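Below, read A as the first sequence line, B as the second, and so on, with proteins coming before strands; counting in each chain starts at 1. What you see is a predicted model; the values in this text were computed from it and never measured. Just so it is clear, the values below take in all heavy atoms, side chains as well, and ignore hydrogens, waters and symmetry mates.
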Number of protein chains: 2
Amino acid sequence: MTNIRKIAQLAGVSVSTVSRVLNDHPYVIEEKRQKVLAAVKELNYIKNANAVYLSKGKTYCIGVVLPFLNLPYFGEILEGIAGEALKHGYHLKIFQTDYEKDAELDAFHRLQMKEVDGLIITSRANSLDTLHSFMEGLNVVFCENLHGVAKKVFINHYEAVRTGMDYLHSKGHTDIGLCLHRTFGTNSEERVRGFYDAAEAAGNEVREDWIFNECIHLKDGRDVVGQWEALKDKPSALIVTSDQVSAGIVSQAGRKGIVVPDELAILSFDNHPISDVFDITSFDMPIRQLGEEAFRLFFEEDHLSPVILETSLHERKTV
Amino acid sequence: MTNIRKIAQLAGVSVSTVSRVLNDHPYVIEEKRQKVLAAVKELNYIKNANAVYLSKGKTYCIGVVLPFLNLPYFGEILEGIAGEALKHGYHLKIFQTDYEKDAELDAFHRLQMKEVDGLIITSRANSLDTLHSFMEGLNVVFCENLHGVAKKVFINHYEAVRTGMDYLHSKGHTDIGLCLHRTFGTNSEERVRGFYDAAEAAGNEVREDWIFNECIHLKDGRDVVGQWEALKDKPSALIVTSDQVSAGIVSQAGRKGIVVPDELAILSFDNHPISDVFDITSFDMPIRQLGEEAFRLFFEEDHLSPVILETSLHERKTV
DNA sequence: GTGAAAGCGCTAACAG
DNA sequence: CTGTTAGCGCTTTCAC
């Protein structure tokens, strides 16, 4: 392995001068600089990143914690983070958790070990209590409105659902159901809260069996239609927190001869391209921006005010 | 910063004993082991990953080069790689390229700097000639059938397209078009070759203006329909190399009143859940497996025989 | 402007 | 079983 010392030797200078040249520091006379450069070329020298990181105590790498990699939502967040990271010379390390608590804790451990300079938690499996002891003094950004956390960016899900409910009310719906990714996590809780608050404000009943959980993939939408059909009392509208699931619902409804929106209205979230294809009325979620802001929160060390992102409704044909 | 030396001091042993305990090496008397563990606990010691990596000359991290993060294809590959990597204690570093040559070269440079132990190239922007000089003696896996490359895993696109063409021929189609992601890259070239070979074998004409390029996203399918309509002589069937694009085509055809498959048949690739939703006849592509095999090629140092993955046709209703 | 030298924190060969 | 010691390769302070 050819190292900085060999370069110094061949160039007839000290290692510190080599280091200076390599890092574009000033105060190196042109003649020596050229000698160093020549030696680098001759010995085919390439600097060792780990040595740099150890010495600097920094890795210019940020860890991203996410449950799945094959979901558009997380793909889009990643794009946002990666784009912003690139601008600042940072790379991304992926910690896929499948919502396994241990896998998530591993990511925090890696942060403690200085394997990454920070962590962006896009979605979480452990309780905040558990995580707190792992993140003292460390740079961790959460993508949810978590109390007692300094760095956070989130979409205003509460407001979105309330707005959505009002929109459905205005269309004459009183019996409204909800399809959720999951119930754990602030984002989901906020949606549920908005759902209940809006129903109460409008004086409408909320039924537990109108809340569908674990709706994640396209095929889950299909299953929802089955469950909806089996209901004795059916909601006339569904708020669905993912366009993938909505697309599954709409397509399955089509097969079953269920008329959307007359028999079942769908109000969706994401405004992913697929909602356009299926003409699904959907809230635009600035997911990419969520990723970008998350990186900024990490990067600007003293950026401690939460970032709140708003949604906007795209009316199409399912309500 | 509390380091291994401090632990040794507090525990009254040498650093090597501490190291042994920390790495579960045998030959440490239980009493000392306990003392070390106690000291670790007391000082809240956490080992520094970069120091380990520098010392070992290994990072247990593999780099994945990909153009986009928000495409199902790459999400699925990532899942495959990540799943397999996890089993062997490896992490993933992402190098998103947007097909920018320099961004791709940066990944190779990081490999040279020992920032990652290897690289999986899921899709490539630079010529192999360019890359060759960056990968001597390094562990690089390609996801395409590249000549002069040892480690490679790929789907048999040539065979898939030929099979698909024969299938379309058997359904009476002679005028067949092709929708590609892009023309650069072995995978695309193989598909084009299969396309031409099959047409020639069947004695059918191939027209340049029946080949649509840059078809990547859902919306691109929509545009293809527009271009198809504008054609004086229209193909009666299209082979489309992405379910996303096919979904766009099918949905847009529906809006325009173009009857699928009677007026336009669609034979797609991926067998992604979306093809099920749209009843699209599609070749199942073992993409996740592609990722898994890619990691294995990396991991098994002397695993030098190429891995070829086959596709299988899922008949639905668009042909 | 430049170099010596002291880290950064851990691993592992070697001697005992 | 255990300790000494020499790295791994780079950065950075400090003195000249």
Roughly how many Å is it from [atom1] in [X] to [atom2] in [N], rounded to a whole number?
X        : N      : atom1 : atom2 : result
A:Lys35  : C:dT2  : NZ    : P     : 11 Å
A:His25  : D:dT12 : NE2   : P     : 6 Å
B:Glu115 : D:dC10 : CD    : P     : 14 Å
A:Tyr27  : D:dT11 : OH    : P     : 19 Å
B:Lys6   : C:dC10 : NZ    : P     : 10 Å
A:Gln9   : D:dG9  : CD    : P     : 14 Å
B:Asp24  : C:dC10 : CG    : P     : 16 Å

Quiz item: When the ring planes of A:Tyr90 and A:Phe299 are compared, do they come out parallel, tilted or perpendicular, using 30° and 60° as the limits?
Solution: perpendicular
Quiz item: Relative to each other, are the rings of A:His88 and A:Phe295 parallel, tilted or perpendicular (30° and 60° limits)?
Solution: parallel
Quiz item: So among A:Glu104, A:Lys101, A:His132, which one has a side chain to side chain donor-acceptor pair (under 3.5 Å) with A:Asn126?
Solution: A:Glu104
Practice problem: To the nearest 10°, let me know how far the axis at one end of the helix from C:dG1-D:dC16 to C:dG16-D:dC1 is tilted from the axis at the other, five pairs an end. | Solution: 30°
Quiz item: How would you label the contact of A:Ser19 with the nucleic acid (heavy atoms, under 4.0 Å): base, sugar-phosphate, or nothing?
Solution: base
Quiz item: With a cut-off of 6.0 Å (strictly less than), are more than 12 heavy atoms of other residues, nucleotides or ligands near NZ of A:Lys114?
Solution: no
Practice problem: With salt bridge (charged side-chain N to carboxylate O under 4.0 Å, His left out) as the test, would you mind laying out the steps for B:Arg296 and B:Glu84 before giving the verdict? | Solution: CA-CA 8 Å; B:Arg296 279 191 208 114; B:Glu84 203 59 22; 3.2 Å; yes
Quiz prompt | Below 4.0 Å: OP1/OP2 of D:dC8 and any side-chain N or O of B:Lys58 | solution = no
Exercise. Report yes if a side-chain nitrogen or oxygen of B:Ser14 is closer than 4.0 Å to either non-bridging phosphate oxygen (OP1 or OP2) of D:dT4; otherwise report no.
Key: no
Practice problem: Taking side-chain contact (heavy atoms from CB on, under 4.5 Å) as the test, write out the residues that go with A:Asn23, two or more places apart. | Solution: A:Ser19, A:His25, A:Lys47
Quiz item: Taking the nucleotide of DNA chain D with the closest heavy atom to each, which residue, A:Leu22 or B:Arg20, is nearer the 5' end?
Solution: B:Arg20
Self-check item: B:Phe68 ring center near B:Tyr99 ring center (under 6.0 Å)
Solution: yes
Quiz item: Do we see a donor-acceptor contact under 3.5 Å between the side chains of A:Asp117 and A:Thr59?
Solution: yes
Quiz item: Between A:Lys152 and A:Glu144, is the closest basic N to carboxylate O distance under 4.0 Å?
Solution: no
Every protein N/O within reach of nucleotides 5-9 of chain C N/O, cut-off under 3.5 Å:
{"residue": "C:dG7", "atom": "N2", "partner": "A:Ser55", "partner atom": "OG", "Å": "3.3"}

